Amino acid sequence: MNRTSMDVLNRVSGVTRRIVERSKPARERYLQSIAGGNSAGPRRQALGCANQAHGFAACGEHDKSLLRSGSGGNLAILTSYNDMLSAHQPYERFPEIIRAAAREAGGAAQVAGGIPAMCDGITQGETGMELSLFSRDVIALSTAVALSHQSFDAAVYLGICDKIVPGMVIGALSFGSLPAVFLPSGPMTSGFSNDDRKLMRQRYAEGQITREELLNAEAQSYHSPGTCTFYGTANTNQMMMEIMGLHLPGSSFVNANTPLRDALTRAGTRRALAITALGAEYTPVGRLLDERVFVNGLVGLLATGGSTNHTMHMVAMAAAAGIELRWDDFAELAEVVPSLVRVYPNGKADVNHFHAAGGMGFLIRELLGAGLLHPDVQTIAGPGLSRYTQEPFLGADGELVWREGVAVSGESKLLRPAAEPFESHGGLGVLDGNLGRAIVKTSAIAPERHTIEGMVRTFHSQEEMQGAFLAGELHRDIICVVRFQGPRANGMPELHKLLPPLQAVQNHGFKVALITDGRLSGASGDVLAAIHLTPEAADGGPIAKLRDGDIVRIDANTHEMNVLVEPAEWERREPAVEDLSESDHGVGRELFRMFRRTVGTPDAGASIFSSAAR
């Protein structure tokens with residue numbers, strides 16, 4: 001191993017070791033809390049007779065017989081199926097596939113509960129988006145309710161998008177003695193290109209095309225069942241579940257509603273039954289998801305330039321397992337994890353192109369070879385991450401088989417080996433300075449745009465900034481500050497609709513940046529954006545002191561962000577205030593009042609379960 005490889009290995013090992021040390025008390029308490037889950041027989045047999053009878057009353061005769069007296073395992077199906085999410089619509093078919101596969105394997109499967117799943121694509125820029133981040137914790141609670149019947153030996157999770165997978169993971173970890181297998185539905189086929197769609201949005205923002213023309217482009221992009229094809233939060237979830245060993249190898253990006261996808265669903269069902277406490281491969285999810293596995297997830301996030309949302313989701317998921325992740329861990333790993341993937345918004349390709357070029361098998365092989373991943377982890381497929389360099393295929397007889405994945409990328413413009421990366425560092429970073437801490441995604445931003453020093457214009461809503469754009473007030477070098485968008489203010493909505501106006505200004509040759517205590521979509525684009533700023537304005541953060549005309553410097557290369565105001569004057573300034581009562585009612589927001597009051601900070605996961613929640 002050369003010196004560079006040794007330095008990388010030492011850095012990854014050092015970060016992991018520090019996570020283990022700081023997490024030790026909480027992790028030990030967590031593991032003690034899930035101990036004793038290895039029962040001698042099926043879990044339902046520990047219930048009283050009336051309890052058991054309720055549990056199988058509605059079953060068909062075959063399942064009723066097994067659940068009543070048999071020794072086979074019983075799978076909980078937790079489904080986030082609905083018709084509003086293209087990625088989740090295919091799950092309508094999954095329970096019957098799972099039940100049939102479970103019977104063939106000598107077990108049973110029951111839908112234990114429906115999990116709420118909202119579509120950020122529909123609520124983007126609308127009032128409902130103020131519920132989006134909090135839906136993750138509702139999903140965790142719903143998962144716990146579904147599993148509370150204590151009749152199951154393992155669980156299979158049907159979820160893909162945004163807050164849904166992180167919420168399910170948090171809920172699964174509250175029942176950490178149960179094995180957990182996540183079953184993706186797969187992406188839709190490629191349609192109107194994401195890059196061309198972005199251009200159409202910019203043209204619409206400038207009044208160059210009609211609403212009907214824009215709607216036509218959007219409909220050609222989002223055109224069928226399956227996940228959206230860009231590399232946003234949904235597809236980052238899929239990458240993460242695979243590299244963390246909760247998917248079967250190579251299953252994340254197989255298209256929806258295909259024979260291979262159905263075969264993988266059946267195989268995942270069989271695997272869930274094989275790793276219960278009733279057999280010799282017992283794999284409880286609370287032990288599987290250890291510190292090394294979370295570091296592997298962080299490495300995958302950085303190497304692929306994944307969604308900024310995961311700077312919060314990863315922290316919240318880890319905390320549910322008694323593991324304390326910090327933004328400093330992201331920042332330190334980003335220095336040695338190279339950028340290997342260029343999928344939109346980081347490039348022009350989509351996830352189908354990524355999968356065809358070698359996909360997860362190639363990526364994991366390269367990261368393992370570079371010493372960036374812990375190989376000696378447990379997975380649902382068995383011990384060791386090396387099996388995740390394989391790809392699934394249907395053999396001549398229609399049976400599912402795995403073969404070694406490609407050793408050479410099929411397209412170097414979107415997927416590269418670790419020895420020839422797009423960048424030597426990861427696609428996400430942490431900014432520090434006198435305005436607080438923020439996340440910046442650099443993988444989609446041209447290097448010459450990584451630094452800006454400019455004059456500030458402050459706004460307290462998306463609509464206010466969009467109005468200024470339409471009035472021609474932003475067509476200059478500018479740093480737009482959109483504040484009072486944090487979790488305690490209005491639930492921390494995604495502010496994705498800010499990007500087309502800012503991109504339009506940038507395309508006219510001006511230097512542009514965004515600072516906000518809110519979020520951007522997983523599709524964060526090519527505008528320099530300091531997001532998730534903490535402390536937030538509603539919590540007394542320095543962002544509330546900024547005034548129009550202040551000069552701010554953002555340097556994503558040195559990881560600094562500062563307002564250039566004389567310290568004595570800065571200290572004397574009174575923070576701006578905002579009437580936030582509008583976010584306290586309507587579209588269900590009144591039901592989430594307690595969430596806004598008790599939520600933790602973004603760097604602690606922005607969760608009501610966070611140890612930092614107040």
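Residue numbers count from 1 along this sequence. Keep in mind that this is a model prediction, so the values were computed, not measured. Excluded from the calculations below are hydrogen atoms, water molecules and symmetry mates; all remaining heavy atoms, backbone and side chain alike, are included.
Separation of atoms CG (Leu31) and OG (Ser177) is listed at 11.5 Å; rounding is to 0.5 Å. A distance of 12.0 Å separates CD of Glu21 from OG1 of Thr16, quoted to the nearest 0.5 Å. Expressed to the nearest 0.5 Å, how far OG1 of Thr308 lies from NE2 of His313 amounts to 9.0 Å.
Taking the salt bridge (charged side-chain N to carboxylate O under 4.0 Å, His left out) definition, one finds that Arg17 meets it with nothing, sequence neighbours left out.
By the 6.0 Å contact criterion, NE2 on His425 is enclosed, its count of non-hydrogen atoms from other residues, nucleotides or ligands being greater than 12.
The pair Glu366-Arg416 does not count as a salt bridge, with every side-chain nitrogen at least 4.0 angstrom from each carboxylate oxygen. The pair Arg27-Asp290 fails the salt-bridge criterion, with no side-chain N (NZ, NE, NH1 or NH2) lying under 4.0 Å from an Asp/Glu carboxylate O. Salt-bridge check for Asp162 with Arg136: failed, with every basic side-chain N at 4.0 Å or more from each acidic carboxylate O. One finds no salt bridge joining Arg266 and Glu104 here, because no Lys/Arg side-chain nitrogen approaches an Asp/Glu carboxylate oxygen to under 4.0 Å. For Arg22 and Asp329, the salt-bridge test passes: some basic side-chain N is under 4.0 Å from an acidic carboxylate O. A salt bridge is defined here as a Lys NZ or Arg NE, NH1 or NH2 lying under 4.0 Å from an Asp or Glu carboxylate O, and Arg326 with Asp603 fails to meet this definition. Salt-bridge annotation for Arg11 and Glu335: present, with a side-chain N of the basic residue lying under 4.0 Å from a carboxylate O of the acidic one.
For the side chain to side chain contact (heavy atoms under 4.5 Å, CB included) with Leu178, the lone residue among Val285, Leu147, Leu173, Thr283 that qualifies is Leu147.
The shortest heavy-atom contact between Arg44 and Ser151 is CB-O, 3.9 Å. Annotation for Val12 and Gly371: closest pair CG2-O, 4.2 Å, computed over non-hydrogen atoms.
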